[in-house]
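These notes concern the structure reproduced below.
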Amino acid sequence: MHPRFDIAIVGGAAAGTLAAIQHLRQAATPLRIAVFEPAPRLAEGIAYSTQRPEHLLNVPTGRMSALPDRPSDFLDWFAARPEHAGASREALAHGYAPRRDYARYLADRLHDARQASPASLEVLPWRIEALAREADGWRLSSAQGTALAERVVLAVGNAQRPLPVRGSGALARPRLVDAWDYAGVAAIDPAAEVCIVGTGLSMVDVLLTLDANGHRGRIHLLSRHAMLPRAHSTNPAADEAFDVDALHPLGVRERLRRLRQGMRDAAARGLPWQAVMERLRPHGQALWRSLDAAEQRRFLRHAVRYWDIHRHRIAPEVGAILADWYADGRLVLHRARLDMAVAGQRCVQLTARTRDGRSLVLDVDHVVNATGLELRVQAMRNPLLEQLLGEGHARPGPHGIGLDIDAEGRLLDADGRPHEDLRVIGSLRIGEAWETIAVPELRVQAQAIARAFTTAQAAAA
Ligand SMILES: Cc1cc2nc3c(=O)[nH]c(=O)nc-3n(C[C@H](O)[C@H](O)[C@H](O)COP(=O)(O)OP(=O)(O)OC[C@H]3O[C@@H](n4cnc5c(N)ncnc54)[C@H](O)[C@@H]3O)c2cc1C
């Protein structure tokens with residue numbers, strides 16, 4: 001007999017855990033819920049599995065609640081911890097908590113929701129490899145077994161981009177280390193010469209660990225555009241005078257012009273440029289959806305890098321560490337396209353081409369892949385996604401990024417028909433929603449999917 005559930009959640013990191021919490025909280029009947037997650041602990045995933053204290057959230061504590069109806073819930077949890085006794089609540093709200101604490105918080109809230117719910121939750125350590133249609137739902141198959149579920153939430157999260165270069169297939173740990181391999185990065189000798197490929201937030205994580213380990217060797221940062229993430233301001237205000245609605249009818253070029261002007265106007269009123277980005281923050285999805293397909297392509301081709309470094313910022317104290325490293329010459333920034341990586345006896349030789357056509361050769365002890373998230377669904381190397389695409393249950397999202405879904409998160413099949421009983425949470429919604437990766441979006445998606453699924457279950461009972 002195969003186990004049978006009302007709701008199956010595939011993936012049990014942050015998004016899957018938020019979905020489980022919401023189903024448990026909203027259930028009015030003894031629903032049977034299952035989370036399928038091969039990792040040893042729920043709620044961690046890529047972002048929150050780090051045990052390194054220097055890896056901080058990139059969203060202030062006051063905005064990281066798991067629950068849309070209790071906006072200060074994470075702050076309450078964090079402030080109640082013994083190590084914060086006597087700390088100013090205001091300072092904690094605007095600060096950046098260690099990411100490892102966030103997994104503990106989610107696990108606590110899952111525990112609370114389980115205790116208070118009439119529903120039951122089972123966690124199975126299975127990696128689901130295929131979903132097949134059944135008369136009343138879906139059959140979920142994995143090497144460990146098969147289960148049946150009436151409704152499925154797909155929460156399979158992020159995939160890392162492979163190092164985009166000839167020769168990298170022949171490199172292995174410890175010469176080639178992934179930025180999300182936190183233990184691998186921590187094991188790098190402090191005297192080693194290191195090249196980090198990619199200059200986004202994953203690169204910052206790597207640098208912080210090297211810094212915490214007293215790294216002395218030279219660090220090369222290499223990326224095609226060599227643009228570093230900007231820091232948050234210590235003034236968290238949003239510029240309420242900036243007219244967001246006026247952006248909607250405009251194309252990308254004109255929007256950028258308005259943004260730059262808005263930042264100058266903000267400065268004239270004593271506000272940091274970040275205040276304009278803060279004003280845009282709740283409107284990210286609407287701004288993306290109001291671009292037509294050609295303008296979205298233009299954004300992806302020409303503006304996305306500028307958007308990313310201004311939108312996904314680092315804590316001010318982290319920005320200060322980066323500036324120090326840069327100033328004392330330990331950090332060298334290269335604007336170049338990596339061509340080849342060749343493993344030697346002792347080192348890795350990297351060959352790259354700079355913007356002005358020069359050849360750049362670096363001999364380093366380690367190369368770290370910090371190229372970030374793979375957005376193209378066909379390159380994610382997740383067998384479940386390949387099966388869903390191959391059998392026509394799904395199709396790639398707009399511009400080939402993520403999966404094609406509707407605004408309620410229903411997965412669309414190869415003919416564009418929505419699956420009422422198969423919904424997607426998180427980064428796979430990127431083509432439709434753009435802003436869909438961070439907790440402020442995940443918690444709202446989890447709540448909405450749980451509302452739809454628990455209502456449908458109650459109606460069918
Ligand atoms: C380094 C990093 C730092 C971040 N920091 C922040 C932050 O400070 N604040 C913020 O709001 N957001 C942050 N984010 C955004 C982050 O993506 C989300 O907050 C969140 O962690 C995403 O969780 P997820 O569950 O969607 O994905 P993931 O963490 O990628 O987890 C997906 C899970 O699905 C499981 N899975 C995959 N395929 C299957 C399958 N076939 N069967 C069963 N299970 C499967 C995997 O084992 C994994 O546990 C960060 C992201 C990264 C990469």
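Both ligands and their constituent atoms are indexed starting at 1 by order of listing. All figures in this text were calculated on a predicted structure; none of them were measured in a lab.
- Interface of Gly45 with ligand 1, defined as ligand atoms under 4.0 Å from a residue heavy atom, comprises 29 (O).
- The ligand atoms of ligand 1 that sit less than 4.0 angstrom from a heavy atom of Ala13 are 25 (O), 28 (P), 29 (O), 31 (O), 32 (C), 33 (C), 49 (O).
- Proximity annotation for atom 27 (O) of ligand 1: of Gly426, Gly157, Ala43, Gly157 comes nearest, heavy atoms only.
- Applying the 6.0 Å contact sphere to CZ of Arg161 captures more than 12 heavy atoms from other residues, nucleotides or ligands.
- An N or O contact shorter than 3.5 Å is missing between Asp205 and ligand 1 by distance.
- The shortest separation from a heavy atom of Trp126 to ligand 1 is under 4.0 Å, placing the residue in contact.
- Every atom of ligand 1 with a heavy atom of Val59 under 4.0 Å away is listed here by number and element: 9 (N), 11 (O).
- Counting non-hydrogen atoms of other residues, nucleotides and ligands closer than 6.0 Å to CZ of Arg4 gives a total of 12 or fewer.
- No N or O atom of Leu442 sits closer than 3.5 Å to an N or O atom of ligand 1.
- Put simply, no part of Ser202 is less than 4.0 Å from ligand 1, judged by heavy atoms.
- Taking the six-membered ring wherever Trp is involved, the centroid distance between the rings of Trp273 and His310 falls below 6.0 Å.
- When heavy-atom distances to ligand 1 are checked against a 4.0 Å cut-off, Ala15 comes that close through both its backbone and its side chain.
- The local environment of CZ in Arg63 is crowded, with over 12 non-hydrogen atoms from other residues, nucleotides or ligands closer than 6.0 Å.
- Within a 6.0 Å sphere centred on CZ of Arg32, other residues, nucleotides and ligands contribute more than 12 heavy atoms.
- With hydrogens and angles disregarded, a donor-acceptor distance shorter than 3.5 Å links the side chain of Ser65 to the backbone of Arg70.
- The aromatic ring centroids of His393 and Trp138 lie less than 6.0 Å from each other.
- On a distance-only criterion, Tyr48 and ligand 1 share at least one N/O pair closer than 3.5 Å.
- Between Gly12 and ligand 1, no pair of N/O atoms sits closer than 3.5 Å.
- Using the six-membered ring where Trp is involved, His399 and Trp288 have ring planes that are perpendicular, over 60° apart on the 30 and 60° scheme.
- Formation of a donor-acceptor pair under 3.5 Å by the Asn213 side chain with backbone atoms of His215 is not found in this model.
- Listed by atom number, the atoms of ligand 1 under 4.0 Å from Val10 heavy atoms are 40 (C), 42 (N), 43 (C).
- Backbone and side-chain nitrogen or oxygen atoms of Leu373 are examined, and none is located within less than 3.5 angstrom of a nitrogen or oxygen of ligand 1.
- Among the atoms of Leu57, none of the N or O lies under 3.5 angstrom from an N or O of ligand 1.
- Looking at Arg151 and Glu420, their side chains never come closer than 4.5 Å, going by heavy atoms from C-beta outward.
- Listed by number with element, the atoms of ligand 1 under 4.0 angstrom from any heavy atom of Ile437 are 15 (C), 16 (C), 17 (O), 18 (C), 19 (O).
- Contacts between Trp180 and ligand 1 below 4.0 angstrom, taking non-hydrogen atoms only, involve the side chain exclusively.
- Among all protein heavy atoms, the one lying closest to atom 49 (O) of ligand 1 is Glu37 OE1, 2.6 Å.
- Here Glu83 pairs with Arg81 in a salt bridge; the nearest charged N to carboxylate O distance falls below 4.0 Å.
- Residue contact check for ligand 1: His55 places no non-hydrogen atom closer than 4.0 Å to it.
- Some N or O of Ile128 is nearer than 3.5 Å to an N or O of ligand 1, by distance alone.
- Counting heavy atoms closer than 4.0 Å to ligand 1, residue Arg99 contributes side-chain atoms (C-beta onward) but none from N, CA, C or O.
- For the residue pair Thr234 and His94, no side-chain donor N or O sits within less than 3.5 Å of a side-chain acceptor on the partner.
- Of the options Arg429, Arg311, His283, a side-chain hydrogen bond (donor to acceptor under 3.5 Å, both in side chains) to Glu435 is made by Arg311 and by none of the others.
- Residue contacts with ligand 1 include Pro38, since one or more of its heavy atoms lies under 4.0 Å from the ligand.
- Residues Glu90 and Ser88 bring no donor and acceptor atom of their side chains to less than 3.5 Å of each other.
- Ala14 CB, 3.7 Å is the protein heavy atom nearest to atom 20 (C) of ligand 1.
- When the heavy atoms of Leu201, Val156, Asn58, Leu385 are ranked by distance to atom 5 (N) of ligand 1, first place goes to Asn58.
- In terms of polar-atom proximity, Tyr182 is not counted as a contact of ligand 1, lacking any N or O under 3.5 Å from an N or O of the ligand.
- Annotation: Arg335, atom CZ; neighbour count of heavy atoms from other residues, nucleotides and ligands within 6.0 Å is above 12.
- Applying the 4.0 Å criterion to heavy atoms of Phe36 picks out, from ligand 1, the atoms 43 (C), 44 (N).
- Of the protein's heavy atoms, Ala47 CB, 3.8 Å lies nearest to atom 52 (C) of ligand 1.
- Between Gln274 and Arg230, the closest side-chain pair of non-hydrogen atoms is not below 4.5 Å.
- For ligand 1, the atoms closer than 4.0 angstrom to any heavy atom of Asn382 are 38 (N), 41 (N).
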